[in-house]
Number of protein chains: 2
Amino acid sequence: MLQLTKRTEYGLIALVHLVDRRDEFVSAREIGDAYHVPRRLLAEVLKELCRADLLLSQRGANGGYSLAREPENLTLAEAVQILEATPSAKDGSTCETSAWSSCDLISTCPIKTPIERLRAGIWGLLNQTTLRDLATPAPVNPLGELIESAQASSLSARLS
Amino acid sequence: MLQLTKRTEYGLIALVHLVDRRDEFVSAREIGDAYHVPRRLLAEVLKELCRADLLLSQRGANGGYSLAREPENLTLAEAVQILEATPSAKDGSTCETSAWSSCDLISTCPIKTPIERLRAGIWGLLNQTTLRDLATPAPVNPLGELIESAQASSLSARLS
DNA sequence: CCAAGTAGCACTATTTTGGTGCTATTTGAG
DNA sequence: CTCAAATAGCACCAAAATAGTGCTACTTGG
Ligand code: SF4
Ligand code: SF4
């Protein structure tokens, strides 16, 4: 329903936390405590990110996790794709390959195409945001109107 | 999780179906049959749209539903806002007023601002798409790349 | 009057999400 | 060598959201 799950948000928070701690392994405990996130759950999420090679892990005492890549070239899209929907791998999710294992309305659905374009639009947003962007506080402007106008002029006008 | 619910999709499909049938009342039965959507459920959704004044209803034999407004000035945003999340009215949903009745991480959450901007972006997409856009098949171009480039240049570059 | 509709609301079933338990393995430090 | 602190892996439970149904009342054209 158009929202990120807690798992995903926890994961993103962790990623952001790790941005300032390159060349160092940070434990799930530390991150969990820092943001009042259930440790165990966070741990599961981190393991997932690790399996997806977004993070490196070091076991044993003094162990923990560390970014496997520069924050500049880790897009929100990648992270969300991994974190959202634990079970079935979810790609750029069209109507066919989405979470609903292939919606059974496809044959007759009159809004299939527009919906897919909408999804592409969202996907675009995620793709253009890097972990670095997420991590840096807030660069400029009020922005709300900027978004609207930018879209009015170029993007959504053709979203049909 | 970044998807529209069935309810919402059913509602949108119905709205689209009604576009070509102005000045006429179409029954829930007809729409449901047309797209193989569970009648009863669709009926509930239609009633909701009706209560929100997006549709007009006519009871009794030959009754049904009809658009209460021109398709040109009914935005996807409005419809989604009504259909998504049956329980709590959901506005432009910031972290405070979202479905999670006020996330308890707000105080410490490092990604609050970026996430809100992302949501604003999505909201923008929805606002710029009218029911007319949804209903008209597919006007032009491949578009995928268009979206990306448009966003790269204007929108998401500042999404941080 | 009656069949075909909507109105309203409560209720059940299914799926998804959030969160926990437990056991094994790794590893730095005393 | 031993122990404490970590991750790895996986199954499992609990709560919430979604999908869908039942039933009753009211409306209206034929
Ligand atoms: S858009 Fe139509 S087809 Fe694609 S998922 Fe939603 S309902 Fe199924
Ligand atoms: S962004 Fe941070 S604050 Fe806003 S909802 Fe997600 S977690 Fe809670």
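First the proteins, then the strands, lettered A, B, ... as listed; each starts at 1. Just the heavy atoms: all of them, side chains too, but no hydrogens, waters or symmetry mates, feed the values below.
Here the side chain of B/Lys47 is nearest to one of C/dG8, D/dA8, D/dT21, namely C/dG8. Here the side chain of A/Ser57 is nearest to one of D/dA8, D/dG20, C/dT6, namely D/dA8. Distances were taken from every side-chain heavy atom of B/Arg59 (C-beta onward) to each of D/dA5, C/dT6, D/dT7; the shortest belongs to C/dT6. Residue A/Arg7 has its side chain nearest to C/dG18 when only D/dA19, C/dG18, C/dA7 are considered.
Judged by closest nucleotide on DNA chain D, A/Leu46 is the one of B/Asn62 and A/Leu46 placed further toward the 5' end. Two residues, B/Val26 and B/Glu44, neighbour DNA chain C, and the one matched to the more 5' nucleotide by heavy-atom proximity is B/Val26. Each of B/Ala61 and B/Cys50 was matched to the nucleotide of DNA chain C holding its nearest heavy atom; the match closer to the 5' end belongs to B/Ala61.
Between A/Glu44 and A/Lys47 there is a salt bridge, with a side-chain nitrogen of the basic residue lying less than 4.0 Å from a carboxylate oxygen of the acidic one.
The interatomic distance linking A/Arg51 (CZ) with D/dC10 (P) rounds to 7 Å, in whole Å. Atom CG of A/Leu41 is separated from atom P of D/dC12 by 19 Å (rounded to the nearest Å). Spacing between atom CG of A/Asp104 and atom C1' of D/dA19 amounts to 12 Å, rounded to whole angstrom units. With rounding to whole Å, A/Leu42 atom CG is found 13 Å from D/dA6 atom P. One can place CD of A/Glu48 at 14 Å from C1' of C/dG19, the figure rounded to the nearest angstrom. The CZ-P distance, from A/Arg39 to D/dA6, rounds to 9 Å in whole Å. We find that CG of B/Leu56 is positioned 15 Å from C1' of C/dA7, with the value rounded to whole Å. Counting to the nearest Å, the P atom of C/dT16 and the CG atom of A/Leu4 are 18 Å from each other.
In the model, A/Glu84 has a side-chain atom that pairs as donor or acceptor with a side-chain atom of A/Thr8 under 3.5 Å.
In terms of phosphate contacts, B/Tyr65 brings no side-chain nitrogen or oxygen within less than 4.0 Å of OP1 or OP2 of C/dG5. Neither OP1 nor OP2 of C/dG18 sits under 4.0 Å from any side-chain N or O of A/Tyr10.
Both B/Leu41 and A/Ile111 are part of a single hydrophobic cluster, where members link through side-chain heavy atoms under 4.5 Å apart.
Here the CZ-CG distance, from B/Arg21 to B/Asp23, works out to 11.5 Å after rounding to the nearest 0.5 Å.
Looking at heavy-atom distances under 4.0 Å, A/Ala43 makes no contact with the nucleic acid at all.
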Exercise for review: Go through the steps to decide whether A/Leu12 and A/Leu131 satisfy the test side-chain contact (heavy atoms from CB on, under 4.5 Å), and finish with yes or no.
Suggested key: CA-CA 8 Å; A/Leu12 295 179; A/Leu131 177 52; over 6 Å; no
